[in-house]
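Written below as structure tokens is the structure these notes are about.
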Amino acid sequence: AHLPGPAPADWAQAPLDPAVRAVLVGFDEHFSYAKLCQALRYLMRGGPDCLLVGTNRDHRLPLEGGTAIPGTGCLVKAVETAAQREAFIVGKPNRYMFDCVVSEFNIDPARTIMVGDRLDTDILMGNSCGLTTLLTLTGVTTLDEVKGHLESDCPARQSLVPDYYVDSIADLLPALGD
């Protein structure tokens with residue numbers, strides 16, 4: 001997407017595809033003000049009949065060496081703020097994705113483990129779907145955070161506690177050989 005002309009009045013005149021009935025916000029390394037303007041225009045044109053869908057709300061994506069980049073949640077929040085409405089999140093921790101997988105495959109939640117490195121997405125989804133949860137400490141979560149949630153009396157915080165944890169996903173490799 002590009003902004004036609006130098007002024008906001010020009011941006012509002014960019015053609016819109018009449019077939020568009022939803023705005024999907026996902027990871028986009030080329031997210032721009034032009035795309036934000038276009039998303040808002042589609043949502044305003046379609047009103048509540050134009051769906052606003054986000055893939056996830058991850059605030060940061062961890063990189064090697066302890067650095068991070070902004071996550072998709074930042075982009076979702078930008079569109080939500082502009083549109084003044086909340087996106088329907090289809091990814092973690094929303095159980096929508098899990099329900100779609102269950103409807104396609106014969107999955108027994110009691111025999112399924114959710115492995116992830118984030119409490120607020122991976123572990124929360126696993127716990128809310130009745131799965132065994134395994135936290136890997138290679139992402140943004142620390143063991144001290146887990147302990148804080150475990151010792152809390154707050155049900156929302158308790159829902160973030162995994163069943164198990166490992167320092168790294170590589171710790172599971174020996175078990176896969178059995």
Side-chain angles (χ1 to χ4, degrees), residues 1-105 114-129 131 133 135-142 145 148-149 154-157 159-160:
H2 67 282
L3 294 174
D10 298 317
W11 308 339
Q13 302 306 315
L16 295 177
D17 182 337
V20 171
R21 298 190 48 204
V23 171
L24 173 64
V25 184
F27 182 79
D28 183 354
E29 63 203 42
H30 302 289
F31 188 79
S32 66
Y33 193 77
K35 289 181 179 181
L36 179 59
C37 290
Q38 190 175 28
L40 175 61
R41 290 185 60 228
Y42 277 119
L43 292 165
M44 288 178 67
R45 181 193 71 187
D49 291 333
C50 185
L51 300 176
L52 174 54
V53 180
T55 58
N56 63 71
R57 292 196 182 276
D58 292 8
H59 300 288
R60 284 183 284 167
L61 302 176
L63 302 175
E64 290 184 42
T67 63
I69 60 172
T72 302
C74 299
L75 309 181
V76 171
K77 185 57 92 175
V79 177
E80 286 178 330
T81 300
Q84 296 181 330
R85 63 192 252 205
E86 193 169 322
F88 175 72
I89 303 300
V90 294
K92 303 172 292 184
N94 189 319
R95 71 173 295 128
Y96 176 80
M97 181 172 49
F98 180 73
D99 291 340
C100 288
V101 171
V102 168
S103 73
E104 285 291 317
F105 304 98
M114 176 66 171
V115 179
D117 64 357
R118 297 182 74 102
L119 296 177
D120 62 338
T121 56
D122 306 320
I123 302 308
L124 179 58
M125 184 181 115
N127 287 340
S128 69
C129 294
L131 310 175
T133 54
L135 175 71
T136 64
L137 297 174
T138 52
V140 298
T141 302
T142 66
E145 287 177 75
H149 293 307
C154 174
R157 290 188 66 190
S159 69
L160 300 173

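If you read the sequence from its start, that first residue is 1, and numbering goes on from there. Hydrogens, waters and symmetry mates are skipped; everything else that's a heavy atom, side chains included, is used.
- For the side-chain contact (heavy atoms from CB on, under 4.5 Å) test, residues two or more places apart in sequence or in another chain that qualify with Ile89 are Arg57, Val76, Ala87.
- Pairing each heavy atom of Thr136 with each of Val115, the nearest pair is CG2-CG1, 3.9 Å.
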Can you check side-chain contact (heavy atoms from CB on, under 4.5 Å) on Thr72 and Asp58, steps first, answer last?
-> CA-CA 6 Å; Thr72 302; Asp58 292 8; 5.6 Å; no
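- A side chain to side chain contact (heavy atoms under 4.5 Å, CB included) with Ile123 holds for exactly one of Leu131, Thr133, Asp117; it is Thr133.
- Residue Lys92 holds its NZ atom at 11.5 Å from SG of Cys129, rounded to the nearest 0.5 Å.
- In this view, Leu124 and Pro93, Ser159, Leu160 satisfy the side-chain contact (heavy atoms from CB on, under 4.5 Å) rule, not counting sequence neighbours.
- In this structure, Arg95 places its CZ atom where more than 12 heavy-atom neighbours from other residues, nucleotides or ligands lie under 6.0 Å away.
- Using a 4.5 Å heavy-atom cutoff, the side chains of Cys74 and Lys77 are not in contact.
- Looking at residues two or more places apart in sequence or on another chain, you find a ring-ring contact (aromatic ring centres under 6.0 Å, His included) between Tyr96 and Phe88.
- Annotation: ring-ring contact (aromatic ring centres under 6.0 Å, His included) contacts involving residues 59-85, sequence neighbours excluded, are absent.
- Using a 4.5 Å heavy-atom cutoff, the side chains of Leu75 and Asp28 are in contact.
- For the atom pair OG1 (Thr81) and CD (Glu86), the distance works out to 11.0 Å, reported to the nearest 0.5 Å.
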Using residues 11-22 as the side-chain source, report each donor-acceptor pair under 3.5 Å to any protein atom, sequence neighbours left out, with the distance given to one decimal.
| residue | atom | partner | partner atom | Å |
| --- | --- | --- | --- | --- |
| Trp11 | NE1 | Gly5 | O | 3.2 |
| Trp11 | NE1 | Ala7 | O | 3.4 |
| Asp17 | OD1 | Ala19 | N | 2.8 |

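- Atom CG in Leu40 sits 9.0 Å away from atom CD in Gln84 (nearest 0.5 Å).
- Taking all atoms of both residues into account, the shortest heavy-atom contact from Leu36 to Ala82 is CD1-CB, 4.1 Å.
- Applying the side-chain contact (heavy atoms from CB on, under 4.5 Å) test to Thr142 and every residue at least two apart in sequence or in another chain returns Asp144, Glu145.
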Should Arg118 and Asp122 be marked as a salt bridge (Lys or Arg N to Asp or Glu O under 4.0 Å) after you check the CA-CA gap, both sets of side-chain angles, and the distance that decides it?
-> CA-CA 5 Å; Arg118 297 182 74 102; Asp122 306 320; 5.9 Å; no
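- Between Ala83 and Leu43 the shortest heavy-atom distance is CB-CD1, 3.7 Å.
- Under the 4.5 Å side-chain criterion, counting only non-hydrogen atoms from C-beta, Thr141 is not in contact with Asp120.
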